[in-house]
Amino acid sequence: GRGRRRTVWLVAALVAVLATGCGVLLAQSRSARAAEADRADLLSAAKQEAVNLTSQDYRTVAVDLRRAADGATGQLRTDLDQRRAQTEQVVTKGKVVAKGAAVDAGVVAVQADSATVLVAVDSSVASSAAATPTSRRYRFQLDLTRAGDRWLVANLTALGLTS
C-alpha cells in the first residue's frame with residue numbers, strides 16, 4: 001500500500017536526480033573536449049602560419065607567399081599582399097630556399113574570438129649568395145582572430161632571432 005508508493009516515489013526521485021547529474025557531467029565533459037579541440041586548432045593555426053611566414057622556395061615562391069597570406073587577416077594580410085611582388089623578386093633572384101619548422105608553441109591568452117600565442121621556429125636558409133645554409137631561430141608572438149571556423153593571424157611581433 002502506502003509504503004510501497006513511497007518507495008516507488010523515492011526510487012523515481014533518485015533516478016531523476018541521477019539522470020540530471022549524469023546530464024550535467026556529460027555536458028561538462030563535452031564542453032571540456034570542445035575547449036581542448038579549439039585550443040589544439042588555435043595552436044595548429046599559429047604554428048602553421050609561423051612556418052608559412054618563414055618558408056619560401058624560389059621555385060614555388062608565388063604559392064608559398066599566397067599560403068602565408070591566406071593564414072593572415074587585417075593589417076598583416078594587407079602588408080603581406082603589398083610586399084608580395086617585391087618579396088617574390090628578392091627570393092627568386094637570390095635563389096632563396098628557407099624552410100621553417102615550429103619547435104615549440106604555447107597559448108598566452110584566449111578569448112572567445114581572439115588569442116595570443118608564442119611560437120618558436122627553427123629555420124634553415126640557403127641562397128645563391130651564401131656558400132652554406134644558415135640556421136636561425138625565430139620567436140614570435142602571434143595575435144589571432146577567429147574567422148568562422150578558422151583562426152587567422154592578425155598581428156605578428158618578432159620577439160627574437162638567433163643564428
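Excluded from the calculations below are hydrogen atoms, water molecules and symmetry mates; all remaining heavy atoms, backbone and side chain alike, are included.
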Got a second to check how far [X]'s [atom1] is from [Y]'s [atom2], nearest 0.5 Å?
X: Lys99; Y: Asp57; atom1: NZ; atom2: CG; result: 7.0 Å
X: Leu152; Y: Leu142; atom1: CG; atom2: CG; result: 11.5 Å
X: Asp81; Y: Leu76; atom1: CG; atom2: CG; result: 9.5 Å
X: Thr145; Y: Arg150; atom1: OG1; atom2: CZ; result: 12.0 Å
X: Ser114; Y: Asp143; atom1: OG; atom2: CG; result: 8.5 Å
X: Arg83; Y: Thr78; atom1: CZ; atom2: OG1; result: 10.5 Å

Run the side chain to side chain contact (heavy atoms under 4.5 Å, CB included) check on Arg136 and Tyr138 step by step: do they pass? CA-CA 6 Å; Arg136 298 179 178 146; Tyr138 298 95; 3.5 Å; yes
Residue Gln89 excluded, over 12 heavy atoms near CD under 6.0 Å: no
Pair Gln111-Asp113, side chain to side chain contact (heavy atoms under 4.5 Å, CB included): steps then yes or no: CA-CA 6 Å; Gln111 308 293 316; Asp113 292 328; over 6 Å; no
Going through the distances and angles, do Val117 and Leu144 end up as a side chain to side chain contact (heavy atoms under 4.5 Å, CB included)? CA-CA 8 Å; Val117 177; Leu144 294 95; 3.9 Å; yes
Please find the pair of heavy atoms, one from [X] and one from [Y], that lie closest to each other, and give the distance.
X: Gly100; Y: Ser55; result: N-OG, 2.8 Å
X: Val96; Y: Ser127; result: CG2-CB, 4.0 Å
X: Leu43; Y: Ala105; result: CD2-CB, 3.9 Å
X: Ala69; Y: Arg84; result: CB-NH2, 3.2 Å

Determine, using the 4.5 Å side-chain heavy-atom cutoff (strictly less than), whether [X] and [Y] are members of one ILVMFWY cluster.
X: Val63; Y: Val91; result: no
X: Val125; Y: Leu65; result: yes
X: Tyr58; Y: Val90; result: no
X: Trp151; Y: Val121; result: yes

Is a side-chain donor or acceptor of Ser44 paired with a backbone partner of Ala40 at a separation under 3.5 angstrom? no
Strictly distance-based, threshold 3.5 Å: is any side-chain N or O of Arg137 a donor or acceptor partner for the main-chain N or O of Ala120? no
Would you mind checking if Arg77 and Asp70 are paired as a salt bridge, meaning a charged N to carboxylate O distance below 4.0 Å? yes
Side-chain heavy-atom pair [X], [Y] within 4.5 angstrom cut-off:
X: Leu118; Y: Phe140; answer: no
X: Thr116; Y: Gln141; answer: yes
X: Arg59; Y: Lys95; answer: no

Val107 vs Leu42, test: side chain to side chain contact (heavy atoms under 4.5 Å, CB included). Steps then yes/no. CA-CA 8 Å; Val107 175; Leu42 170 63; 4.0 Å; yes
Applying side-chain contact (heavy atoms from CB on, under 4.5 Å) between Leu156 and each of Leu53, Val119, Leu80, report the one that passes. Leu53
